[in-house]
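A short worksheet on the structure shown next.
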Protein chains: 2
Amino acid sequence: MAGHLPVFDRLLEIALLIQEDLANFFTGTGLTSSRTHLLWELHRLGPCTQQALASALNVTPRNVTGLVDALEAGGFVERRLHPNDRRATLVTLTELGSKTTAEMVRGRELIASQLVAGFGEDHLDRLSRDLDAIAYRLHEMVNTERPSTDATA
Amino acid sequence: MAGHLPVFDRLLEIALLIQEDLANFFTGTGLTSSRTHLLWELHRLGPCTQQALASALNVTPRNVTGLVDALEAGGFVERRLHPNDRRATLVTLTELGSKTTAEMVRGRELIASQLVAGFGEDHLDRLSRDLDAIAYRLHEMVNTERPSTDATA
DNA sequence: TATTGTTATACTCTATAACTATA
DNA sequence: TATAGTTATAGAGTATAACAATA
C-alpha cells in the first residue's frame with residue numbers, strides 16, 4: 001500500500017531538476033526556455049511556418065510571432081519567403097541557430113548518459129519500460145477529463 | 001552504449017505531463033501554478049513570513065508580495081501580524097486555503113497511486129532506488145558549475 | 001546598519017480580438 | 001470564406017532598485 005508516493009515525489013523532484021539543469025545549460029546563450037523550446041522544435045521539424053510552430057509548441061500564433069521576433073533579433077533564426085504561399089513565412093535556423101541546436105543535442109546526450117551511468121543494459125531496459133508505463137498512464141490521466149474530485153464549492 | 005537517451009526522454013516527457021496533470025487538477029480553483037506552489041509551501045511550512053516563502057519558492061520578496069496579494073484577494077490566505085516582529089507579516093491559510101491544500105494532498109496521492117498501480121513492493125523499491133540515484137546525480141549536475149561545454153562564441 | 005515588505009519600473013510569456021494580405 | 005501573420009490590448013510571473021518602518 002505504501003511506496004507509491006516516494007516514486008511520485010522523486011519524479012516531481014526530477015522534473016524540477018531537469019528544468020533547472022537545462023536552464024543552467026543554456027544560461028549564457030541569452031535564450032529563455034520558451035525560445036529554447038522553439039529552437040528545439042525548429043531543429044526537429046526543419047524550416048517551417050509559424051503556424052506549424054504554434055501547433056508544435058501548443059501556443060497561439062501571436063505568441064510565436066513574439067518568440068520568432070526575439071530569436072531573429074538574436075540572430076538565431078531568419079524569416080524567409082514561403083515558396084508556394086505568399087501569406088506564410090518560413091522560419092529557418094541561421095548558422096548560429098544551427099550551432100546552438102547542435103550544442104543542445106550534445107548537452108542532452110551528455111546529461112542523459114551521466115544520469116544513468118553505470119546502469120547495465122538490462123537495468124536500463126527495465127527502467128525504460130517502467131517509465132514507459134508511467135508516461136502512458138499520465139497520458140491517460142491528462143486526456144481523461146478528471147472525474148471531478150469534488151473540489152468543494 | 002545506447003539506452004540512456006530513452007530514459008532521459010521519458011523523464012522529460014513525464015516532467016511535462018506531471019505539470020499538465022497537476023495544472024489540470026487545479027483548473028477551476030482559480031489558482032495558477034505559482035499560486036498553487038505558494039499555497040503548497042505554506043501548507044508544508046505552516047504560517048510564515050513572506051521572506052520565508054520567498055526562500056522556499058526561490059523567488060524575490062517582491063514576487064511573493066504579488067502572489068500573496070492575489071491569494072488574499074481569492075480568500076485563500078490572510079496576512080496577520082507577526083507576534084515578535086512588527087516589520088513582518090505572518091501569512092496563514094484561511095479555511096478555504098486549508099480545504100484547498102487538503103484537496104491537493106488527496107489529489108497527489110491519487111495520482112501517485114495510479115501512476116504505479118499494480119507494481120509490486122519489490123518493483124516499487126527498485127524503481128524508487130533508481131529514481132533516487134537519478135535525482136542525486138541531477139542535484140550534482142545542477143550544483144556543479146557546468147564545466148563549460150565550449151558553447152562557441 | 002540590516003531586515004521586512006512595499007512602491008516603481010520593466011521584461012517575458014501568454015491569451016483574445018480585430019485587421020491585412022493572401023488563398 | 002478560410003488561413004497566415006500581424007497590431008492592439010491585457011494579465012500573470014519575474015526581476016532590480018529605491019524607500020518606509022522596524023530591528
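By convention in this document, chain letters (A, B, ...) are assigned in the order of the sequence lines, proteins followed by strands, and residues within each chain are numbered from 1.
- Remark: C1' of C/dT6 and CD of B/Q51 are 12 Å apart, rounded to the nearest angstrom.
- Between A/T60 and C/dA15 there is a side-chain polar atom (N or O) within less than 4.0 angstrom of OP1 or OP2.
- Partners of B/L12 under the side chain to side chain contact (heavy atoms under 4.5 Å, CB included) rule, at least two apart in sequence or in another chain, are A/I18, A/L22, B/F8.
- The side chain of B/Q50 places no N or O atom within less than 4.0 Å of a non-bridging phosphate oxygen (OP1 or OP2) of C/dT4.
- Under the side chain to side chain contact (heavy atoms under 4.5 Å, CB included) criterion, A/E13 pairs with A/R10, A/L17, B/A135, B/H139, sequence neighbours left out.
- Remark: A/T65, A/R79 in residues 65-80 of chain A come within less than 4.0 Å of DNA chain D through at least one heavy atom.
- Residue pairs meeting the salt bridge (charged side-chain N to carboxylate O under 4.0 Å, His left out) criterion with at least one member in residues 41-54 of chain A, sequence neighbours excluded: A/E41-A/R44.
- Remark: B/A52 engages B/C48, B/T49 in a side chain to side chain contact (heavy atoms under 4.5 Å, CB included) (not counting sequence neighbours).
- With rounding to whole Å, A/L57 atom CG is found 13 Å from D/dG5 atom P.
- A/E72 contributes a side-chain N or O that, together with a main-chain N or O of A/R79, makes up a donor-acceptor pair within less than 3.5 Å.
- Checking the phosphate oxygens (OP1, OP2) of C/dA15, a side-chain nitrogen or oxygen of A/N63 falls inside 4.0 Å.
- Note: CG (B/L53) to P (C/dT4) measures 13 Å, nearest angstrom.
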task: If a protein heavy atom is under 4.0 Å from the base, mark B; if only from the sugar-phosphate, S; if neither, -; do that for nucleotides 17-23 of chain C going 5' to 3'.
output: ----BBS

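- For residues 87-98 of chain B, the set of pairs meeting the salt bridge (charged side-chain N to carboxylate O under 4.0 Å, His left out) definition, not counting sequence neighbours, comprises B/D85-B/R87.
- Taking a 4.0 Å limit (strictly below) on heavy-atom distances, residues 30-49 of chain A reaches DNA chain C at A/T32, A/S34, A/R35.
- Closest non-hydrogen pair, B/Q19 versus A/Q19, comes out as OE1-OE1, 2.8 Å.
- A ring pair (Phe, Tyr, Trp, His ring centres under 6.0 Å) check over residues 99-124 of chain B, counting only residues at least two apart or in different chains, returns the pairs B/F119-B/H123.
- Listed by first and then second residue, the ring pair (Phe, Tyr, Trp, His ring centres under 6.0 Å) pairs that reach into residues 33-58 of chain A are A/W40-A/H43, sequence neighbours excluded.
- Taking B/T60 as the reference, B/R62, B/N63 meet the side chain to side chain contact (heavy atoms under 4.5 Å, CB included) condition, with sequence neighbours excluded.
- For B/H82, there are no ring pair (Phe, Tyr, Trp, His ring centres under 6.0 Å) partners two or more places apart in sequence or in a different chain.
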